Chemist: 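Just passing along the structure, written as structure tokens.
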Amino acid sequence: MDILDARVPEGFNIVPKYIRKQKYMYIVHTDKGTYVIRKTDVSEERIVFCDNIKTMMRRKGYRLFDNFEISVTGEPYFRLDDTYYIMTAASREAPGPDYGNTYDFRQIIRGFAAFHKAAAFGSCSEYSDFYGENTIEKFKAGGGRLKRLRRLVYRKKRLDDIDYTFLKNFEYYYRLAEEAAEGLEKYDFYREEKRAEEEGRIAVNNADEETMFLYPGGLYMTELLKLSVSSQLEDLRLIINRYLKKNPNPQLTAGDIIKEYSSRNRISERQIVLLYYLLLFPERYIKTFSVYYQKGHAFTPVYVKEAVKKTVDDKERHLSYISELIK
């Protein structure tokens with residue numbers, strides 16, 4: 001079992017009574033309270049950037065996230081050899097949200113809307129290293145990625161069921177990738193990204209249930225280490241795609257989600273159209289097949305076939321669902 005080096009708690013000036021390993025983190029019980037210590041593979045600059053954003057949000061009165069504890073070196077992390085550790089106070093006992101539960105999902109939508117409304121700090125040259133990726137270029141690259149996968153399949157001497165599934169659906173998904181990139185260009189997503197940079201708008205870039213809790217005061221977030229200066233639409237894309245993945249028969253329509261979000265943070269008609277094209281991009285399909293063809297040996301055939309089948313089976317449902325945004 002992986003054991004936490006004793007120098008790490010010392011680096012945060014705490015004396016453990018006992019330590020429990022839980023997944024990728026250490027739960028450390030002390031006389032001062034309970035803390036969570038995690039290894040992180042992000043840079044020192046990113047940790048400091050995220051800590052500064054949290055500080056500015058607290059000044060605005062928004063506090064629904066954990067704070068990085070300061071180490072003995074005065075930084076919001078502790079470095080041991082080439083590894084960075086962060087420490088946060090353990091969250092109060094509270095349930096994590098369930099994307100399959102309509103009430104919980106409404107809380108997720110409201111929580112992200114409230115976060116986005118608070119997380120705008122104006123243009124700053126120090127933010128330039130933390131701008132989000134160029135989404136249009138990413139979408140264009142997605143089409144190229146599909147073509148490379150097709151060439152890889154064509155070079156195989158023997159095709160299996162998954163290969164035939166990929167080839168059968170290639171044109172459909174390649175067209176979606178092209179249409180998504182063209183739509184973002186037509187409705188000027190560059191301007192949306194530029195606006196986010198000028199207004200210092202922050203996106204969470206994480207929609208995992210494991211990093212959220214439901215408190216009476218709202219959605220509480222942990223592990224805010226993926227923050228970037230990006231459009232709020234990037235986060236909406238993440239949570240809607242996750243909602244659809246978790247719910248074969250979603251209770252909320254796309255219109256319901258927009259209405260819920262807008263009750264906390266206004267979204268324009270043009271942004272709704274841009275969101276449609278963000279959701280149109282077949283990211284799940286591209287990732288599923290990329291992982292299979294690049295690392296297929298690491299997965300059991302049952303897992304791969306189920307993942308591929310579910311992705312393809314959901315294609316018409318997904319398109320029908322998001323089409324409401326542009327009706």
Side-chain angles (χ1 to χ4, degrees), residues 1-58 62-101 104 107-108 111-112 115 119 130 202 204-228 238-239 242 246 295 298-299 303:
M1 181 178 178
D2 189 12
I3 298 174
L4 182 64
D5 191 302
R7 289 173 291 179
V8 177
E10 289 176 4
F12 285 105
N13 196 29
I14 58 173
V15 179
K17 294 172 67 176
Y18 65 94
I19 301 174
R20 174 169 54 91
K21 179 75 182 294
Q22 181 176 310
K23 292 185 179 179
Y24 52 86
M25 64 187 77
Y26 301 90
I27 313 300
V28 184
H29 299 268
T30 77
D31 289 334
K32 298 178 181 178
T34 303
Y35 297 91
V36 177
I37 295 179
R38 304 175 181 86
K39 292 181 182 179
T40 177
D41 57 2
V42 305
S43 67
E44 171 188 9
E45 291 77 17
R46 169 156 287 285
I47 298 173
V48 171
F49 167 74
C50 293
D51 187 62
N52 287 339
I53 295 297
K54 290 182 178 184
T55 297
M56 290 188 289
M57 291 192 74
R58 287 196 300 271
Y62 189 96
R63 301 172 181 273
L64 292 173
F65 49 76
D66 59 16
N67 300 315
F68 299 150
E69 299 290 331
I70 302 301
S71 69
V72 293
T73 60
E75 304 291 349
Y77 60 81
F78 178 71
R79 180 177 179 178
L80 181 61
D81 300 325
D82 292 325
T83 302
Y84 291 95
Y85 293 84
I86 58 171
M87 187 174 83
T88 60
S91 300
R92 301 194 306 267
E93 290 297 326
D98 177 3
Y99 272 84
N101 181 294
D104 286 6
Q107 294 297 99
I108 291 173
F112 271 83
F115 181 96
F130 304 99
I202 308 298
V204 176
N205 297 307
N206 187 8
D208 295 344
E209 301 96 313
E210 294 81 5
T211 62
M212 307 175 195
F213 296 96
L214 290 179
Y215 285 174
L219 185 75
Y220 187 93
M221 300 183 187
T222 67
E223 295 187 40
L224 291 175
L225 280 173
K226 296 182 179 181
L227 302 180
S228 68
L238 285 179
I239 63 174
R242 195 165 186 86
K246 296 277 186 175
K295 302 179 181 178
F299 297 90
Y303 171 82

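What you see is a predicted model; the values in this text were computed from it and never measured. All heavy atoms count here, side chains included; hydrogens, waters and symmetry mates do not.
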Chemist: Is any side-chain heavy atom of Pro76 less than 4.5 Å from a side-chain heavy atom of Ile70?
Modeler: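 They are in side-chain contact.
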
Chemist: Would Tyr26 and Val36 count as a side chain to side chain contact (heavy atoms under 4.5 Å, CB included) if you check the C-alpha gap in whole Å, the side-chain angles of each, and the deciding distance to 0.1 Å?
Modeler: CA-CA 6 Å; Tyr26 301 90; Val36 177; over 6 Å; no

Chemist: Using side chain to side chain contact (heavy atoms under 4.5 Å, CB included), reason through Ile14 and Glu69 one step at a time and then give a plain yes or no.
Modeler: CA-CA 11 Å; Ile14 58 173; Glu69 299 290 331; over 6 Å; no

Chemist: Does any part of the side chain of Met57, heavy atoms only, come nearer than 4.5 Å to the side chain of Lys54, both counted from C-beta?
Modeler: no

Chemist: Quick one: are Leu214 and Asp104 in side-chain contact, heavy atoms under 4.5 Å?
Modeler: yes

Chemist: For the pair Val28 and Val8, evaluate side chain to side chain contact (heavy atoms under 4.5 Å, CB included) and give the outcome as yes or no after the intermediate values.
Modeler: CA-CA 11 Å; Val28 184; Val8 177; over 6 Å; no

Chemist: For Asp82, give me all partners under side-chain hydrogen bond (donor to acceptor under 3.5 Å, both in side chains), at least two apart in sequence or on another chain.
Modeler: Arg79

Chemist: Out of Phe68, Phe49, Tyr84, Phe12, which residue meets the ring-ring contact (aromatic ring centres under 6.0 Å, His included) rule with Tyr77?
Modeler: Tyr84

Chemist: Please confirm whether the backbone N or O of Arg7 pairs with a side-chain atom of Asp5, one donor and one acceptor, at under 3.5 Å?
Modeler: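 At least one qualifying donor-acceptor pair exists.
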
Chemist: Please confirm whether the backbone N or O of Asp208 pairs with a side-chain atom of Asn206, one donor and one acceptor, at under 3.5 Å?
Modeler: yes

Chemist: Taking all heavy atoms of Met25 and all of Lys21, pick out the closest pair and write down the distance.
Modeler: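 Between these two residues, the closest heavy atoms are O-CD, 3.4 Å.
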
Chemist: Considering residues at least two apart in sequence or located in another chain, which fulfil the salt bridge (charged side-chain N to carboxylate O under 4.0 Å, His left out) criterion with Asp98?
Modeler: none

Chemist: Once rounded to the nearest 0.5 Å, what's the spacing between atom CG of Leu64 and atom OH of Tyr215?
Modeler: 9.5 Å

Chemist: Kindly write out the residues that satisfy side-chain contact (heavy atoms from CB on, under 4.5 Å) with Lys32, not counting sequence neighbours, or none if the list is empty.
Modeler: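 Here the qualifying residues are Asn13, Thr30, Tyr35.
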
Chemist: What's the verdict on side chain to side chain contact (heavy atoms under 4.5 Å, CB included) for Val42 and Thr40, showing C-alpha distance, side-chain angles and the deciding distance?
Modeler: CA-CA 6 Å; Val42 305; Thr40 177; 3.2 Å; yes

Chemist: Atom CE in Met56, atom CG in Asp51: separation rounded to 0.5 Å?
Modeler: 10.0 Å

Chemist: I need the minimum non-hydrogen distance between Ala6 and Pro9, along with the two atoms involved.
Modeler: O-CD, 3.3 Å

Chemist: Which donor-acceptor pairs under 3.5 Å do the side chains of residues 219-227 make with protein atoms, sequence neighbours left out?
Modeler:
{"unit_1": "Tyr220", "atom_1": "OH", "unit_2": "Phe65", "atom_2": "O", "d": "3.1"}
{"unit_1": "Tyr220", "atom_1": "OH", "unit_2": "Asp66", "atom_2": "N", "d": "3.2"}
{"unit_1": "Thr222", "atom_1": "OG1", "unit_2": "Thr211", "atom_2": "O", "d": "3.3"}
{"unit_1": "Glu223", "atom_1": "OE2", "unit_2": "Tyr24", "atom_2": "OH", "d": "2.6"}
{"unit_1": "Glu223", "atom_1": "OE2", "unit_2": "Arg38", "atom_2": "NE", "d": "3.3"}

Chemist: With sequence neighbours left out, what residues match Lys246 under side-chain hydrogen bond (donor to acceptor under 3.5 Å, both in side chains)?
Modeler: Glu209

Chemist: side-chain hydrogen bond (donor to acceptor under 3.5 Å, both in side chains) with Arg63: which residues, sequence neighbours excluded?
Modeler: none

